[in-house]
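Structure, as structure tokens:
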Amino acid sequence: MSDDPVVAIAGVTGAVGAEFIATMDKRGFRVGKLKALASARSAGKRLSFRGQEIVIEELTADSFNGVDIALFSAGSGISKKFASIAVKAGTVVVDNSSAFRMDPNVPLVIPEVNANRIRDHKGIIANPNCAAITALVPLWPIHRQNRIKRLIISTYQAASGAGAAAMEELEESTRAHLRGEVYPPKVMPHPYAFNLFSHNTAIDPETGYNDEETKVINETRKIFEDEKIAVGVTCVRVPVLRAHSEAITFECEKPISETRVRNILAGAPGVRLVDDRTGNYFPMPIDASGQGDVLVGRIRQDLSDPTGHSVSMFVAADQLLKGAALNAVQIAELLPQRAMA
Ligand SMILES: NC(=O)c1ccc[n+]([C@@H]2O[C@H](COP(=O)([O-])OP(=O)(O)OC[C@H]3O[C@@H](n4cnc5c(N)ncnc54)[C@H](OP(=O)(O)O)[C@@H]3O)[C@@H](O)[C@H]2O)c1
């Protein structure tokens, strides 16, 4: 692969697509040529990359000839249809959708956790679910020191996790609400302004878990390579424009103190402690937005576990960045023969 690879972005006009461009630019990711791909609706529109005007093309089976790396974020149906075509053309695909995450032949990678798995790829590397990434970046260094045997997560997920149209719906429905008008939801299943609701993915009538929750459970086990880790999770969509938050309680095999957790996390890659009890200042989506770390705070002993094995904390991360575009670009940077500018 060239040091100045030809890079394609499939889904370039979306919420994640826009962040791919910004992230590559910010990190000095070397690009020989950029191919901007989206649906026929966007074909012919223009965008700017490093001072150059790039014409958006319709994503087709011919889009990947001569492409070294493709970053996919156009939904799992598009990934299922086009990723194998891209691989046959010699392209390495970093896929943001859920299409291949649980495929045993596809590495599921958070660079701070399992960058070593990138070398196993057979053409496709999957980017994990954004709620999973947000939890697992800070949990991994703890798990390595003192195995986490049980994990309970409650999410507070932003509109941006459902794409550009959902962000627009939150803004428009909030304005309508303040004008005293009724706003019939178009993208979300329920009124979004001044409301929250169970995550908008399909719910399994048997288990009562929605798809987002199932992804967090399965992906945690795959990424940690620990089939026995017990995960309970409740995913909720909240009227926050950008950046997910999560309340996390974990139980370790050996006793663990909040001080130990704070010390481990103080030096952990991709983590920033925001844990000011005096100022009552803790992770907030507004502070997480636009930056790449998972903010971690409210670190405290779980008083419901008198054995001292459990700790609770609250985290926030920009899921368009660390939960999607940044994580994918970090993976692309680690592909063989890649170099930074
Ligand atoms: N949002 C997040 O935080 C997040 C996090 C992790 C993973 N992801 C995943 O990333 C993907 C995109 O998410 P998003 O939030 O960026 O969604 P989005 O804002 O709705 O953008 C969707 C993108 O897909 C393109 N697209 C739709 N149909 C297409 C088609 N038939 N052919 C080619 N391109 C097509 C759209 O192009 P047009 O503008 O031309 O329609 C647009 O660029 C999803 O798989 C999502 O699950 C998202």
Side-chain angles (χ1 to χ4, degrees), residues 8-23 35-47 54-64 70-83 85-86 93-101 108-110 124-136 155-170 186-188 199-202 210-212 215-216 219 235 237 240-246 285 288-290 292 316-331:
I9 297 180
V12 75
T13 52
V16 175
E19 296 300 338
F20 278 142
I21 301 240
T23 302
K35 279 189 97 167
L37 305 170
S39 77
R41 293 178 290 275
S42 304
K45 290 183 186 164
R46 288 170 155 72
L47 59 82
I54 308 225
V55 180
I56 298 172
E57 297 168 41
E58 180 184 357
L59 170 60
T60 69
D62 296 327
S63 295
F64 300 99
L71 306 174
F72 270 67
S73 70
S76 62
I78 298 292
S79 294
K80 281 180 189 152
K81 189 168 170 191
F82 289 103
I85 294 171
V93 171
V94 183
D95 183 35
N96 258 280
S97 81
S98 57
F100 305 104
R101 287 181 190 149
L108 182 62
V109 174
I110 304 173
I124 303 174
I125 300 159
N127 212 56
N129 167 274
C130 48
I133 293 178
T134 300
L136 300 186
T155 73
Y156 306 71
Q157 294 182 237
S160 52
M167 294 170 82
E168 207 176 306
E169 177 148 312
L170 177 56
K186 300 179 190 108
V187 180
M188 288 303 193
H199 195 276
N200 48 297
T201 43
N210 60 47
D211 277 353
E212 186 82 348
K215 286 174 193 171
V216 172
E219 294 180 27
C235 289
R237 192 71 78 181
V240 166
L241 203 55
R242 180 167 174 154
H244 291 349
S245 304
E246 301 180 8
S289 293
D318 187 331
Q319 93 306 322
L320 286 175
L321 291 176
K322 188 53 199 166
L326 171 59
N327 198 73
V329 171
Q330 285 177 298
I331 292 170

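Side chains included, hydrogens not; waters and symmetry mates left out as well; all remaining heavy atoms used. Indexing begins at 1, ligand by ligand and atom by atom, following the structure's order.
Atom 12 (C) of ligand 1 has its nearest heavy-atom neighbour, among Ala162, Ser73, Ala99, Ser97, in Ser73. Taking only non-hydrogen atoms, the option from Ala15, Cys130, Ser160 nearest to atom 2 (C) of ligand 1 is Ser160. Considering each of Ser42, Gly17, Ala36, Ala74, the one bringing a non-hydrogen atom nearest atom 24 (O) of ligand 1 is Ala74. When Arg41, Glu58, His244, Lys322 are checked for heavy-atom proximity to atom 41 (O) of ligand 1, Arg41 turns out nearest.
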Practice item. Could you give me the CA-CA distance, side-chain angles and deciding distance for Glu246 and Gln157, then say whether side-chain hydrogen bond (donor to acceptor under 3.5 Å, both in side chains) is met? Key: CA-CA 8 Å; Glu246 301 180 8; Gln157 294 182 237; over 6 Å; no

Exercise for review: Please step through side chain to side chain contact (heavy atoms under 4.5 Å, CB included) for the pair Lys45 and Ile54, ending with a clear verdict.
Suggested key: CA-CA 8 Å; Lys45 290 183 186 164; Ile54 308 225; over 6 Å; no

Practice item. Just do the side chain to side chain contact (heavy atoms under 4.5 Å, CB included) check on Glu19 and Leu326 with the steps written out, would you? Key: CA-CA 8 Å; Glu19 296 300 338; Leu326 171 59; over 6 Å; no

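Taking atom 3 (O) of ligand 1 as the reference point, the nearest protein heavy-atom neighbour is Gln319 NE2, 2.9 Å. For atom 17 (O) of ligand 1, the nearest non-hydrogen atom of the protein is Gly163 CA, 3.8 Å. Here the heavy atom of the protein found nearest to atom 5 (C) of ligand 1 is Ala324 CB, 3.6 Å. Looking only at protein heavy atoms, the nearest one to atom 6 (C) of ligand 1 is Gly323 O, 3.5 Å. Nearest protein heavy-atom neighbour of atom 31 (N) of ligand 1: Ile78 CD1, 3.3 Å. Looking from atom 29 (C) of ligand 1 to the surrounding protein, the closest heavy atom is Ser39 CB, 3.6 Å. If you check which protein heavy atom lies closest to atom 42 (C) of ligand 1, you get Thr13 OG1, 3.3 Å. Of the protein's heavy atoms, Asn96 O, 3.2 Å lies nearest to atom 7 (C) of ligand 1.
Between Lys322 and Thr134 the shortest side-chain heavy-atom distance does not fall below 4.5 Å. At least one side-chain heavy atom of Ile133 sits under 4.5 Å from a side-chain heavy atom of Asn127. With a 4.5 Å cut-off on side-chain heavy atoms, Ile56 and Leu37 do not count as touching.
Distances below 4.0 Å separate heavy atoms of Val12 from the following atoms of ligand 1: 43 (O).
Among the atoms of Gly75, some N or O lies under 3.5 angstrom from an N or O of ligand 1. Distances between N or O atoms of Ala164 and those of ligand 1 include at least one value under 3.5 Å. The distance criterion of under 3.5 Å between nitrogen or oxygen atoms is met by Val16 with respect to ligand 1. Checking only distances, Gly11 does come within under 3.5 Å of ligand 1, N or O to N or O.
Residues meeting the side chain to side chain contact (heavy atoms under 4.5 Å, CB included) test with Ala99, sequence neighbours left out: Ser76, Ser79, Lys80, Asp95, Ser97.
Across Ser245, Ser160, Ser289, Pro285, a single residue satisfies side chain to side chain contact (heavy atoms under 4.5 Å, CB included) together with Gln319, and that is Ser160. When each of Val12, Ile78, Asn96 is checked for a side chain to side chain contact (heavy atoms under 4.5 Å, CB included) with Ser73, only Asn96 meets the rule.
Contacts with ligand 1 closer than 4.0 Å are made by no heavy atom of Asn129, backbone or side chain. Contacts between Leu59 and ligand 1, counted as non-hydrogen atom pairs separated by less than 4.0 Å, involve the side chain only.
Using bins of under 30°, 30° to 60° and over 60° for the plane-to-plane angle, the ring pair Phe64/Phe82 lands in the tilted bin.
Here Lys186 does not pair with Glu169 in a salt bridge; the nearest charged N to carboxylate O distance is not below 4.0 Å.
For the ligand labelled ligand 1, residue Ala165 lies outside the 4.0 Å heavy-atom shell.
Within the 4.0 angstrom cut-off, atom 47 (O) of ligand 1 has no protein heavy-atom neighbours.
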